[in-house]
Amino acid sequence: MPDHAIIIDTDPGIDDAVAIFTALASPEIEVLGLTTVGGNVPVAQTTRNGRAIVALAGRHAVPVLQGCGRPLILDPQTAETVHGSDGLADLDLAVPDGPAAAAHAVDWIVETVAGRPAGSVTLCALGPLTNVAAALVRAPDLAERLAGIVLMGGSVFVGGNTTAVAEFNMAVDPHAADIVFRSGAALTMVPLDCTHKALMTNRWIEQIDRLGTPVGHAVAAMLRFYQRFDMERYAFAGGPLHDPNVIAYLLKPDLYAVRRCHVAVEITSPLTRGMTVTDWWGRFAGAPNCGVVHDVDADGFFDLIAQRLADL
Ligand code: BDR
Ligand code: CA
């Protein structure tokens, strides 16, 4: 019996792909489905990528539902420079024949959670929060029906990666993020403060390649492409593997340090829009609404991901 039943809301995206593979490989996790959102690339492509990832993992029964194609208010913003023109390093992964699922991701999230016992489904959000916010608007009781929402996004002390203060998922749809952070759902945020503490090494990527499987080869090729961006831009020793931290946190929370804080998303100022304003000292805002994951055992994290990828 898996410990977690999850929905992965995602914009694959190379690090999203690694997160999805890790979840699909983990017996502690039942992946109920992927819901796609526009983010790293437009939503039609994130849906194709989601279907290709599930197929490469041999998990054809996991449904992939297409969601929102644009942020709530702002114009779309994508990240092909980081992820490649197709979002997955232009590897041209095979997409299964046949039509995509007909239901809309937002409907499917609401109906899937309503159809299961309260508190039994965790929503893992790896992209802009447009679908999640739309689902919470459509069915406000979703906030209390979910076991929780674990999301990759935001930053506390390290600055942004899309503006000086905003992380990509927050910058793309800050208005959706604002709805999510004010929803009352049990939130856990995995910000850049955590993900920048676990940087890949070429040796680790080679270890993944040496798995000798189609998934191992594809992941290694994607990661070689992906990590050059952060290494060049920030002079990092390796690329941060953001989104898999969400899945690793579910699998092994002991790898992480978490502090409960009040977090609000700036939506008004053009200068700081998308900033996750965090009351780190618990003195200036309301009661904590979020667990802020701020540190990680990097070796434990990379060992876990490598172990799980070996099982696909
Ligand atoms: C986030 O932005 C995307 O490019 C990644 O997939 C990740 O979700 C990191 O800022
Ligand atoms: Ca992502």
Side-chain angles (χ1 to χ4, degrees), residues 6-23 34-43 45-50 53 64 67-68 71 76-89 105 123-132 149-174 176-177 180 188-200 219 222-223 225-234 236 238-249 265 273-276 293 296 305:
I6 70 171
I7 294 169
I8 304 180
D9 190 74
T10 178
D11 62 335
I14 291 170
D15 57 329
D16 301 72
V18 179
I20 295 163
F21 284 134
T22 304
L34 308 187
T35 53
T36 61
V37 66
N40 289 318
V41 286
V43 72
Q45 187 63 37
T46 63
T47 306
R48 286 174 59 80
N49 293 348
I53 291 162
V64 179
C68 298
Q77 186 181 173
T78 52
E80 285 87 353
T81 44
V82 184
H83 296 269
S85 62
D86 74 347
L88 294 180
L123 191 46
C124 295
L126 311 181
L129 291 165
T130 320
N131 288 339
V132 181
I149 301 173
V150 185
L151 65 96
M152 190 280 134
S155 81
V156 181
F157 296 115
V158 299
N161 63 1
T162 301
T163 73
V165 294
E167 178 278 333
F168 179 78
N169 293 333
M170 299 292 137
V172 170
D173 200 341
V180 172
T188 305
M189 169 172 93
V190 183
L192 298 177
D193 303 72
C194 168
T195 65
H196 283 185
K197 287 177 179 144
L199 302 179
M200 291 182 283
V219 167
M222 285 193 274
L223 292 179
F225 175 92
Y226 167 80
Q227 74 162 354
R228 95 218 174 285
F229 180 85
D230 285 285
M231 291 171 75
E232 283 167 15
R233 175 176 271 194
Y234 304 111
F236 283 174
L241 199 48
H242 306 286
D243 292 340
N245 281 283
V246 167
I247 305 301
Y249 172 76
V265 181
R273 198 161 54 198
M275 182 178 187
T276 43
V293 180
V296 55
I305 303 297

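Throughout, numbering of the chain's residues begins at 1 and tracks the sequence. FYI, side chains are in, hydrogens and waters are out, and symmetry mates aren't considered; it's all heavy atoms of this structure. Note that ligands are numbered from 1 as they come in the structure, with each ligand's atoms numbered from 1 the same way. Note that the structure is predicted; figures quoted are calculated from it, not measured.
Scanning all heavy atoms of the two residues, the minimum distance from P244 to D15 falls at CD-O, 3.4 Å. Between N131 and A105, the shortest heavy-atom distance links the atoms ND2-CB, 4.1 Å. The two residues N169 and M152 have their closest heavy-atom pair at ND2-O, 2.9 Å. Contact detail for A23 and I6: the closest heavy-atom pair is CB-CD1, 4.2 Å.
None of the N, O or S atoms belonging to P12 lies under 3.0 Å away from the Ca ion (ligand 2). Among the atoms of D15, no N, O or S atom is found under 3.0 Å from the Ca ion (ligand 2).
A ring pair (Phe, Tyr, Trp, His ring centres under 6.0 Å) with H83 is found for exactly one of Y226, F225, F168, namely Y226.
Between D16 atom OD2 and D243 atom OD2, the angle centred on the Ca ion (ligand 2) amounts to 70° (nearest 10°). Seen from the Ca ion (ligand 2), atom O of L126 and atom OD1 of D11 lie 90° apart in angle, a value rounded to 10°.
The backbone N or O of H242 sits less than 3.5 Å from a side-chain atom of N245, completing a donor-acceptor pair. In this structure a side-chain-to-backbone donor-acceptor pair under 3.5 Å is present from E167 to G154.
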side-chain hydrogen bond (donor to acceptor under 3.5 Å, both in side chains) evaluation trace for T35 with D9:
CA-CA 5 Å; T35 53; D9 190 74; 2.6 Å; yes
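Listed by chain and number, D15, D16, N40, H83, L126, M152, N161, E167, F168, N169, H242, D243 each place a non-hydrogen atom less than 4.0 angstrom from ligand 1.
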